[in-house]
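For reference, the structure discussed in these notes is given below.
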Amino acid sequence: MALSLLRHRAPAVARCSSLAAAGAARVRQNSSFAKVEERPLESPEDWTNFQLKRAQYETLLETFGEFGSTQTRDNTFQPHHTLHRPVAPKDVTLSALIASGAHFGHSQKRMNPNFVPYAYGVRAGITIIDLDHTLPLLRRAAQVVRGVAARGGSVVFVGTRADLRQPVRMAAERMGKQGYHVGERWLPGTLTNRVHMFGPEVARDEQVIPDLAIFLNPIPNIHAIRECALEHVPTIGIVDSNVDPRIVMYPIPANDESTRTAELISGLLSVAGREGVAIYQEEQAKAALAASKRARSREPFV
Amino acid sequence: MSSISLRLAASTSRAARLASVRTQACRVPSRALHKRKELSYPIEGGLGKFLPPHALQMIAVDYQQGLLDRLNDLIRGTALENKSIVQTVVEAARDPNKVLEFNYASEALNNSFFLECVKPPPDNATSHEHKLIGMLERRIGFHWGSLAHFQSSFGAAVQGMFSSGWVWLVCDQTGQLGIMPTFGAGTLLVSARKASETFLEWQRIVGEPVVPYSEEDLLPRASSPTPGAPPPPSSPASGLSHNAPPVNPHQPARSMSSQLGRPRDMYKNSKGKDSGPTKFDVLGGVVYPLLCVSVHEHAWVGAGYGVWGKEEYMKRFWSVVDWEKVCQMYMKVAPVER
């Protein structure tokens, strides 16, 4: 019952938000908070006054901040931590996967026969994904990302849904120059029609084809996966129970509809990638140092 | 770090994984909610002549942890579970169903502030008054004449409070000082626009003329009823909304919380003009706390002063006030040199 609620949560969410809005309006009326927040801002002076009052109030909160108890915003779980505090590959646990809802698959009727090895069973008409298989496959994917990055390879994170845009952007930023992301739409022909897309000079002189592609929602990006296969790009992807796991090279059987799961997995893979980038940069630095030493030793004394 | 060590640190070796699994299995997972903060001085020594060790233990440990335990019981499993005490006070104040959470959190916050603005007296002196230097000392002299006058005004404010509460030395962002009461479980973080009945009664006891409050008086005009008196500060930034409901008798603690309103300007005081007996401007905007005293019977009865020992309790309070911290707080919130 709880699982089906989660699956069909769209109408429930709509109901909750309207109730919450009505509740918020009621609470607002009883609130003894800023009168200046109730009045709509009309001129730039209103906005400046609002900013000043807000700054003063925040100073007041800060003067009281260290008193009361030991619990602060930093040492408790906040909802944004799944995005901004990614789990390291060595710290990921089954509980974390379950807490993010990674074990909820799609309806039993839609289960792909090739997915059966990764399914734990069925409950309330929904396939439950076996996380005892998912966790080692997730760790293997992290090793792949780290290995590719440690050899100077470029990794592209693809997540083309509204709630996936920020996770893929942050994952790519974590990997610095070797990380890329596609948050809006994978333009068809990016790899197979690159001469037309980027121009002949760019297609010839620069590396357009990534060394690894990670798909957080593979079903809407099936054409991108096909292009990667045609161009021989290794792929990692979150496969749900209605998908054949063989479409990507390193499948991670998990819930592809859950934002928390996508944040957990993309964060984990990007942390592994960041470690690989650090290894690569260190080796580059060592090589440069050795090369400069050799050049200096070859120079004649002046 | 070499690349080999990076690789070793990065890889999940079997031994490391097993070790982490073993420690996780032994540890009982429990959600750590609010716990009292350790004081910056030892409890066993007490606070000089102000509070003997058993009284300090009662206030700092029994009362404080009791408040936090009761708060934890209320918030476990709710949206307030992961909030700090300050956030709990602000959010519970907005919700009329969260009176108890607000009360416990506000009392815990004020008690913690009170315990941190006192310190055991040094060995070679009777108090920390030699640390009162700089802008704050000049301001106190300007407003009240001398530290002794300030202490007697503060003491009068405490004496005038018939119920439990807290009396604060506050300042606004221009550096102007004032003495402010909060009654019951009231807090400086959340202010009502109108003065409550308790506040007016307190003003009458302390010796203030009763000043009516009205909505149009909230514009920042400088005025003050009597010199040397604790000026009622105002917070236009944190007043009630326009259609605030009437004071609910079921929520006495909330209604008796900090009432920051502005008195009607009986003496208009524009810049440069002599305004007769008023030489103080009323505090404007948000007020920041500098010093706080707990006006609760459990404090002086528990310390052995007796049930009517409030006056002696206040006199001895001055021997343990940590003026160094008060000065630092003042410089942090109002550093503008005039």
Side-chain angles (χ1 to χ4, degrees), chain A residues 23-24 26-39 49-50 52-79 88-93 95 139 142-143 146 150 271-272 274-276 278-283 286, chain B residues 1-3 6-7 9-12 16-17 20 24 32-37 68 71 81-90 93-96 105 108-110 112-113 116 173 188-193 218 236-245 254 257 285-289 329 332-333:
Chain A
R26 258 185 290 121
V27 167
R28 254 290 152 91
Q29 287 197 332
N30 291 334
S31 134
S32 51
F33 209 167
K35 166 187 157 199
V36 73
E37 287 186 2
E38 303 283 334
R39 212 186 281 131
N49 285 338
F50 178 75
L52 286 171
K53 295 271 185 304
R54 182 51 74 84
Q56 287 163 16
Y57 192 70
E58 287 189 359
T59 314
L60 175 64
L61 292 190
E62 204 193 335
T63 56
F64 270 115
E66 53 194 272
F67 304 103
S69 83
T70 49
Q71 181 166 291
T72 64
R73 199 174 153 76
D74 268 334
N75 60 21
T76 47
F77 171 77
Q78 304 294 331
K90 59 177 166 39
D91 293 332
V92 67
T93 56
S95 328
R139 286 193 176 134
Q143 298 279 5
R146 188 182 301 117
V271 167
R274 185 172 57 188
E275 291 163 1
I279 294 171
Y280 179 66
Q281 281 172 352
E282 196 173 308
E283 287 187 342
K286 263 204 283 194
Chain B
M1 217 154 83
S2 74
S3 63
L6 265 176
R7 283 207 180 85
S11 68
T12 55
R17 239 181 296 136
S20 70
Q24 275 169 22
L33 291 174
H34 295 288
K35 261 201 287 283
R36 67 173 194 91
K37 285 188 75 162
L68 292 175
L71 177 65
E81 200 172 17
N82 285 329
K83 311 268 181 195
S84 66
I85 285 281
V86 168
Q87 260 329 102
T88 310
V89 168
V90 169
R94 297 183 191 226
D95 191 347
L109 183 63
N110 296 345
S112 174
F113 193 93
E116 287 299 330
Q173 63 271 23
L188 290 180
L189 290 170
V190 176
S191 355
R193 192 188 292 171
L218 290 170
S238 38
L240 277 171
S241 59
H242 285 283
N243 36 12
R254 193 74 59 78
S257 76
V286 175
V287 288
Y288 305 103
M329 183 79 87
K332 199 166 67 141
V333 297

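All heavy atoms count here, side chains included; hydrogens, waters and symmetry mates do not. Numbers restart at 1 for each chain; the letters A, B, ... are given by sequence-line order, proteins then strands.
- With sequence neighbours left out, A/S69 forms a side chain to side chain donor-acceptor pair (under 3.5 Å) with B/H34.
- With a threshold of 4.5 angstrom between heavy atoms, B/K83 approaches chain A through N, CA, C or O but not through any side-chain atom.
- Distance check, rounded to the nearest 0.5 Å: CD of B/Q87 to CG of A/L61 gives 7.0 Å.
- Under the 4.5 Å side-chain criterion, counting only non-hydrogen atoms from C-beta, B/E81 is not in contact with A/F77.
- Formation of a donor-acceptor pair under 3.5 Å by the B/K332 side chain with backbone atoms of A/T63 is not found in this model.
- A/Q56 and B/Q173 get closest at one heavy-atom pair: NE2-NE2, 3.3 Å.
- In terms of the side chain to side chain contact (heavy atoms under 4.5 Å, CB included) criterion, residue partners of B/F113 (sequence neighbours excluded) are, by chain and number, A/F64, A/F67, B/W168, B/P289, B/C292, B/M329.
- When all heavy atoms of A/T76 and B/N82 are compared, the closest pair comes out as OG1-O, 3.0 Å.
- Taking OG1 of B/T88 as the start and CD of A/Q71 as the end, the distance is 7.0 Å to the nearest 0.5 Å.
- Between B/S112 and A/G68 the shortest heavy-atom distance is OG-N, 3.0 Å.
- Residues A/L60 and B/L189 come closest through the heavy atom pair CG-CD2, 3.9 Å.
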